[in-house]
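Lettering follows sequence order; numbering is per chain, from 1.
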Amino acid sequence: MTNSVFNVRFAPSPTGELHLGGARTALFNWLFAKYNNGKFFLRIEDTDTKRSREIYTDQILDSLSWLGLNWEEPLIFQSERLNEYKIHIKSLLSSGQLYHCFCSKNDLSELKDKGHFKYPGTCRELDHNDIKTRLNQGASFTYRVRIPDGNTKYEDMIYGSINVDHKELDDFIVIRSDGSPTYNFTAVVDDHYMDISHVIRGEDHVSNTPKQILLYKALGFNVPVFAHLPMILGADGKRLSKRHGAAGVQTFREEGYLPESLNNYLALLGWNPGTDEELFSSDDLIQKFNLSKVQKKGAIWDEKKMHWISGQHMMKTGTDHIIDKLRFNDPDWGKGSSISYLVSIVELLKVRAKSLSEFIAQSDYFFNSPLSYDQEALQKAWGDNSVNTRMQLLAVNLLTLEHWRKDYLQNIFELFIKEHGLGLGKIIMPIRLAVCGTLNGPAVYDILELLGKDETLKRINVALKELPK
RNA sequence: GGCCCGUUCGUCUAGUGGUUAGGACUCAUGGUUUUCAUCCAUGCAACAGGAGUUCGAUUCUCCUACGGGCUACCA
């Protein structure tokens, strides 16, 4: 079981975008490969021609590269390995490990409806001539595996020892009536040809594993090591899906989360480093990640924690980097502004915005005068006309200020309140409202300094005309 | 129905045959801040239930309950 080769793969089927569960499986495979100096491959399982779409392959690849989970060439498509499948079917057939099944889909599903969950073995021991006759008549058929008596045991890197009696296993289909191979067979052949040493996948595959091991052995292949990852669940404890809202990687990208944040949280769901640390860059994860610390039970996706992690990453991320990302997410962001202006804005918002979208929303008043005033804030800060009088006076003071710097601004404000016997809030709140349209944000002096004298006075004058209402 | 897997605060988790069962997120309160955020402090909050083993079980065993997965000519 000790391997010197570490080849792993992520094998999505292109029937939808990359969802969180898939992303985590990919991440864990990637981390395992990187840590062990192994190789991380990608295989597109496109044998379900009815549901597979090329567009999804592109989307999945796109999401994966956004997450930074780079894979080895070549990219494998199952549909391109049809020849190998044929060869191995032939060999299984000739050694009697496969048999023709002529049962119709309808008959079988009727049986199931009646409570017979297992294939009854109708065609398991068909007479040779019988088969020939039916074949000559052009009857449609599938190939099933003749499961031998006994049991299959394997050592899961996460779940430990798992033992299944063959009595529990169905003679499952490997070739459909249209001649196409099924998953349990293709996965085995592919993993063999790709020289996969460790199969790391979702827990939903645990019960497939004995079937696949049987196939590995029947084909004379080496059996890889298996590791099954617990599921990611929604708040209702059910497997995470579109029903739960944001379940696709693209959504998180669009909402302005950094890939490192997603990786970080994904890793923390069902794994812990054995210390109290929770914040990791992807490179940190490579060093710290270990399959043996992976949980057995499913973990519920917690939007709030994801958001917190994202905020933490934002604070640590370099300002230049954030600016690049912001411009990438919204090409119009900061258009026409100097780079130093943008740097100052991002510096101010870094501890406040927890995602790129929040940056964009919260930075709006640095580029545009407020279109409207927050109602609640208006009540609080500019309730009556006495504020107008006050602001008018203050505006005059500001007008005379020559050096528009935050320390001078602060000076003016402080003199003003002393002179009029007011609390600071009495002038700062209305200013905020006039300039930002909201009461929340960075220090008012910082905002005013950045905005500049003209813009500040302009906005105050607009507010003086429009408020209170 | 059968088989497999699981069960520590609301959530993610640490942990041990004897602990005040620890941390993080959330929430609440207080401090810092002109506001918000940050930061700091404090607080609320958990070993699913029942037997057994044991001097002693959250920890080991069994049973029950609950949850999840599989039981496809999907992957």
Could you tell me the Watson-Crick or G-U partner of [N], where both distances fall under 3.5 Å? Say none if there is no partner.
N: B/G6; result: B/C66
N: B/U32; result: none
N: B/U54; result: none
N: B/A21; result: none
N: B/G1; result: B/U71

### Task
Kindly indicate, with the supporting measurements, whether the criterion salt bridge (Lys or Arg N to Asp or Glu O under 4.0 Å) is fulfilled by A/R53 and A/E17.
CA-CA 10 Å; A/R53 296 281 177 285; A/E17 63 168 329; over 6 Å; no

### Task
Output, in order, the C-alpha distance, side-chain angles, deciding distance and verdict of salt bridge (Lys or Arg N to Asp or Glu O under 4.0 Å) for A/E278 and A/K305.
CA-CA 11 Å; A/E278 293 196 298; A/K305 184 115 186 192; 2.8 Å; yes

### Residue that, paired with A/Y265, satisfies ring-ring contact (aromatic ring centres under 6.0 Å, His included) out of A/Y257, A/W271, A/F252, A/W301
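When ring-ring contact (aromatic ring centres under 6.0 Å, His included) is applied between A/Y265 and each of A/Y257, A/W271, A/F252, A/W301, only A/W301 qualifies.
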
#### Entry: Between A/H100 and A/T142, a side-chain donor and acceptor under 3.5 Å
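A/H100 vs A/T142: no donor-acceptor pair found between side chains.
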
### Distance-only polar pair, side chains of A/R390 and A/H420, donor-acceptor under 3.5 Å
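Looking only at side-chain atoms, A/H420 and A/R390 do not form any donor-acceptor pair under 3.5 Å.
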
Touch class at under 4.0 angstrom, heavy-atom based, for [X] against every strand present:
X: A/P230; result: nothing
X: A/M429; result: sugar-phosphate
X: A/K296; result: sugar-phosphate
X: A/G237; result: sugar-phosphate
X: A/K293; result: sugar-phosphate
X: A/R239; result: sugar-phosphate
X: A/Q312; result: sugar-phosphate
X: A/T47; result: sugar-phosphate

Choosing from [options], which nucleotide comes nearest the side chain of [X]?
X: A/E278; options: B/U26, B/G23, B/U38; result: B/G23
X: A/Y183; options: B/A75, B/G68, B/U13; result: B/A75
X: A/D48; options: B/G23, B/U35, B/A75; result: B/A75
X: A/Q78; options: B/A75, B/U11, B/U35; result: B/A75
X: A/E203; options: B/G69, B/C25, B/A75; result: B/G69
X: A/W308; options: B/A37, B/G6, B/C25; result: B/C25
X: A/E168; options: B/C3, B/G23, B/U35; result: B/C3
X: A/A443; options: B/C73, B/U35, B/G15; result: B/U35
X: A/K238; options: B/A75, B/G68, B/A14; result: B/G68
X: A/D302; options: B/C36, B/G67, B/C25; result: B/C25

### Query
Taking CG from A/D165 and C1' from B/C70, how many angstroms apart are they, rounded to a whole number?
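After rounding, the reported distance stands at 16 Å.
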
Expressed as a whole number of Å, how far does the [atom1] atom of [N] sit from that of [M]?
N: B/A46; M: B/C39; atom1: C1'; value: 29 Å
N: B/A37; M: B/A75; atom1: C1'; value: 45 Å
N: B/A65; M: B/A28; atom1: P; value: 40 Å
N: B/U13; M: B/C4; atom1: C1'; value: 25 Å
N: B/U29; M: B/A21; atom1: C1'; value: 25 Å
N: B/G23; M: B/A14; atom1: P; value: 15 Å

### Task
Identify the two heavy atoms, one from A/I447 and one from A/P442, that lie closest to each other, and give their separation to 0.1 Å.
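Minimum heavy-atom separation between A/I447 and A/P442: CD1-O, 3.6 Å.
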
### Query
For the base of B/C3, is there a side-chain donor-acceptor partner from A/S207 under 3.5 Å away?
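Counting by modelled atom types and ignoring angles, no donor-acceptor contact under 3.5 Å is found here.
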
### Message
If you assign A/S180 and A/R352 each to the RNA chain B nucleotide with the nearest heavy atom, which residue ends up on the more 5' nucleotide?
### Response
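Looking at RNA chain B, the more 5' nearest nucleotide goes with A/R352.
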
### Task
Name the residue closer to the 5' end of RNA chain B, choosing between A/K50 and A/N440 according to the nucleotide with the nearest heavy atom.
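With A/K50 and A/N440 compared, the 5'-side residue is A/N440.
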
### Query
Any stacking of A/F117 on B/G2, going by centres under 5.5 angstrom and planes within less than 30 degrees?
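So no, this residue does not stack on that base, at least one cut-off failing.
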
### Query
Can you say whether the rings of A/Y216 and A/F226 are parallel (under 30°), tilted (30 to 60°) or perpendicular (over 60°)?
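Rings of A/Y216 and A/F226: perpendicular, over 60°.
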
